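Working notes for the structure below.
In each ligand, atom 1 is the first atom listed, and ligand 1 is the first ligand listed. Values in this document were obtained by computation on a predicted structure and should not be read as measured data.
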Amino acid sequence: MTDFVTIVPPARPIEGRVAPPGSKSITNRALLLAALARGTSRLTGALKSDDTRRMVEALRAMGVVVEEPDATSFVVTGTGRLQAPAAPLFLGNAGTATRFLTAAAALVEGTVVVTGDAHMQKRPIGPLVAALRSLGVAAEAPTGCPPVTIHGTDGFDGERVTIDAGLSSQYVSALLMLAPGGRRPVEVALKGDAIGARGYIDLTCAAMRRFGAQVEQRDLATWVVQPGAYRATDLHVEPDASAATYLWAAEVLTGGAIDIGTAPEAFTQPDAAAYAVIRRFPHLPPVIDGSQMQDAVPTLAVLAAFNATPVRFTGIANLRVKECDRVAAMATELSRLSPGLAVEEGDDLVVTPAAPERFGPARIETYSDHRIAMSMALAGLRVPGVTILDPGCVAKTYPDYWRDIAGLGVGVQAGG
Ligand SMILES: O=C(O)C1=C[C@@H](OP(=O)(O)O)[C@@H](O)[C@H](O)C1
Ligand SMILES: C=C(OP(=O)(O)O)C(=O)O
């Protein structure tokens with residue numbers, strides 16, 4: 001990939017068809033559950049990107065057979081057990097793979113080291129490690145972030161675990177997917193009932209049920225999972241809702257019409273809730289609670305820059321522990337387009353739109369964060385001379401992003 005791309009504002013509204021890739025969240029859940037099941041599962045419509053490749057490589061390192069018959073399918077054959085890997089599992093900056101495999105490592109007989117790149121080594125995992133220990137799993141993460149060492153014993157005896165999911169809902173998903181491997185029913189309880197992106201827990205429960213697990217939600221903060229083996233199954237993965245937000249936003253920013261092949265209400269992922277907000281552009285509400293559609297916040301923040309009135313984003317404190325500190329990154333990068341366009345206020349992001357003549361060309365830092373790259377490129381649909389540095393970082397979840405928007409008639413000039 002080139003060092004940068006410069007976006008050329010389209011002369012006309014963008015019209016056309018493009019299908020976003022498969023859901024990262026569902027693909028990585030399904031890959032793990034298929035690997036834990038005995039037998040062969042076929043996943044179609046799946047995402048193939050850095051994050052899912054990390055998961056696949058880790059599963060292969062634990063003895064799971066994963067075949068790739070075509071560009072969107074995985075055929076996963078498990079034996080019902082994961083083997084201890086010969087080397088640390090390196091998971092790049094894939095939060096889902098890192099958190100889900102840290103918990104699943106309790107089902108291995110032997111030691112597993114879960115680690116990732118420099119960014120991942122700054123993303124907290126302490127609450128998940130503490131929860132595993134309370135279930136009787138020997139695990140340690142001396143820095144509170146990966147690397148994590150787990151001494152698996154092919155199961156665990158604990159029956160109740162309380163988890164502080166304030167920093168990441170992925171801790172809850174990881175524990176839930178591990179839970180059927182326990183020797184007794186397991187109750188997973190939230191410390192407090194506040195949790196960002198509750199919809200990801202629903203996605204986890206749906207995937208678990210699809211693979212034959214019995215999981216029941218008792219109340220807003222408690223789930224009970226019965227012990228039992230996962231069953232191999234075939235699954236068609238729906239498109240990625242977070243990826244869809246860029247296309248929905250491109251549509252309203254240019255007054256165009258983009259057919260993404262899936263109706264907004266057909267998605268089961270939480271970020272699909274962003275559609276209703278996006279359709280209100282240029283009259284976005286003055287306060288947007290981003291807690292239940294976190295990965296869509298960078299997209300919405302770019303739209304806010306061209307809105308009729310200012311927008312405050314609340315409920316986004318945990319965006320600071322994503323691939324980068326997204327609250328700081330969006331404030332800094334939006335303000336390159338027009339000084340003072342976005343500011344941090346506590347953990348909120350406040351975007352105050354500027355008049356069109358006050359926007360100027362800018363080189364946008366992306367901090368190895370696919371969502372900063374993909375969202376800030378949308379500003380280039382309105383502002384001439386928006387250059388996105390390190391455009392290859394989109395490969396984390398949407399490797400064909402630049403090709404797809406170019407296919408809609410947007411000028412994407414590669415350089416470097
Ligand atoms: O469970 C999932 O698939 C995800 C949960 C969210 O993370 P957190 O739970 O860490 O907020 C989201 O940001 C991430 O992209 C995917
Ligand atoms: C936060 C994200 O990813 P993850 O936590 O899975 O690395 C994301 O895709 O925006």
Side-chain angles (χ1 to χ4, degrees), residues 20-33 47 49-55 91-103 116-117 119-125 127-128 145-146 163-177 190 194-208 237-238 240-246 267-274 290-300 315-327 329-330 366-375 393-399 401:
S23 158
K24 170 197 76 172
S25 294
I26 298 176
T27 301
N28 269 356
R29 283 164 173 74
L31 282 168
L32 175 63
L33 299 180
L47 174 66
S49 73
D50 287 353
D51 275 15
T52 62
R53 206 163 294 122
R54 296 295 186 196
M55 175 65 100
L91 299 168
N93 195 7
T96 50
T98 303
R99 278 70 178 261
F100 299 169
L101 287 169
T102 292
D117 66 13
H119 304 280
M120 182 49 73
Q121 293 191 26
K122 294 199 178 114
R123 297 180 67 185
I125 200 158
L128 177 58
C145 299
I163 174 81
D164 183 345
L167 288 175
S168 175
S169 72
Q170 292 174 7
Y171 307 152
V172 185
S173 291
L175 291 168
L176 288 170
M177 288 190 282
L190 294 183
I195 181 171
R198 187 173 275 284
Y200 286 109
I201 314 286
D202 298 337
L203 217 55
T204 301
C205 292
M208 288 172 64
V237 178
E238 70 187 37
D240 194 282
S242 314
T245 67
Y246 308 111
F267 288 92
T268 62
Q269 300 151 75
D271 274 4
S291 65
Q292 302 305 317
M293 46 183 174
Q294 299 173 8
D295 293 354
V297 168
T299 313
L300 294 170
I316 58 171
N318 89 348
L319 264 66
R320 295 197 186 276
V321 292
K322 303 279 183 186
E323 284 80 331
C324 73
D325 176 344
R326 289 184 177 157
V327 182
M330 291 308 293
T366 49
Y367 313 89
S368 308
D369 187 336
H370 55 147
R371 301 212 186 281
I372 306 299
M374 293 190 280
S375 62
C393 68
V394 303
K396 187 173 191 284
T397 56
Y398 195 162
Y401 183 66

(message) Heavy atom to atom 5 (O) of ligand 2, shortest distance: which of Arg123, Gln294, Glu323 holds it?
(response)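 It is Arg123 that holds the nearest heavy atom.
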Give yes if a backbone or side-chain nitrogen or oxygen of [X] is under 3.5 Å from a nitrogen or oxygen of ligand 1, and no if not.
| X | result |
| --- | --- |
| Thr96 | no |
| Tyr200 | no |
| Ser169 | yes |
| Gln294 | yes |

Minimum side-chain heavy-atom gap [X]-[Y] below 4.5 Å:
| X | Y | answer |
| --- | --- | --- |
| Cys205 | Leu176 | yes |
| Ile26 | Thr268 | yes |
| Met177 | Met208 | yes |

(request) Before accepting this row, confirm whether a basic side-chain N of the pair Asp50/Lys24 lies closer than 4.0 Å to the acidic partner's carboxylate O. (result)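 A salt bridge is absent here (no side-chain N lies under 4.0 Å from a carboxylate O).
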(request) Run the salt-bridge test on Asp369 and Lys322 with the 4.0 Å N-O cut-off and return the result as yes or no. (result)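 Salt bridge flag = no for Lys322 with Asp369.
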(message) What I want to know is whether Lys24 and ligand 2 share at least one N or O pair that is separated by under 3.5 angstrom.
(response)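 By distance alone, the answer is yes.
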(message) Below the 3.5 angstrom mark, is there an N/O of Ala94, backbone or side chain, next to an N/O of ligand 2?
(response)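 The answer is no, given that Ala94 and ligand 2 share no N or O pair closer than 3.5 Å.
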(message) In this structure, does ligand 2 have an atom that sits under 4.0 Å from one of the heavy atoms of His119?
(response)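 No, His119 has no heavy atoms under 4.0 Å from ligand 2.
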(message) Heavy-atom pairs closer than 4.0 Å: do any link ligand 1 to the side chain of Ser168, the backbone, both, or neither?
(response)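 Both backbone and side chain.
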(message) Please classify the Asn318 to ligand 1 contact at 4.0 Å (heavy-atom distances, strictly less than): side chain, backbone, both or neither.
(response)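 The part of Asn318 near ligand 1 is the side chain, not the backbone.
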(request) Between Arg54 and ligand 2, find which residue part has any heavy-atom pair under 4.0 Å and reply side chain, backbone, both or neither. (result)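 Looking at Arg54 and ligand 2, no heavy atom falls under 4.0 Å.
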(request) May I ask you to identify, for Thr96, whether its side chain, its backbone, both or neither come under 4.0 Å of ligand 2 on a heavy-atom basis? (result)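 Both backbone and side chain of Thr96 come within 4.0 Å of ligand 2.
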(request) Taking atom types as modelled, find out whether Thr204 and Arg29 have a side-chain donor-acceptor pair closer than 3.5 angstrom. (result)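 The criterion, which ignores hydrogens and geometry beyond distance, is satisfied for Arg29 and Thr204.
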(message) Whether the Asn93 and Arg123 side chains hold a donor-acceptor pair (N or O, under 3.5 Å, no angle test) is what I'd like checked.
(response)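 Asn93 vs Arg123: donor-acceptor pair found between side chains.
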(request) Do me a favour and list the nearest non-hydrogen protein atom to atom 10 (O) of ligand 2 with residue, atom name and distance? (result)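 Looking only at protein heavy atoms, the one closest to atom 10 (O) of ligand 2 is Arg371 NE, 2.6 Å.
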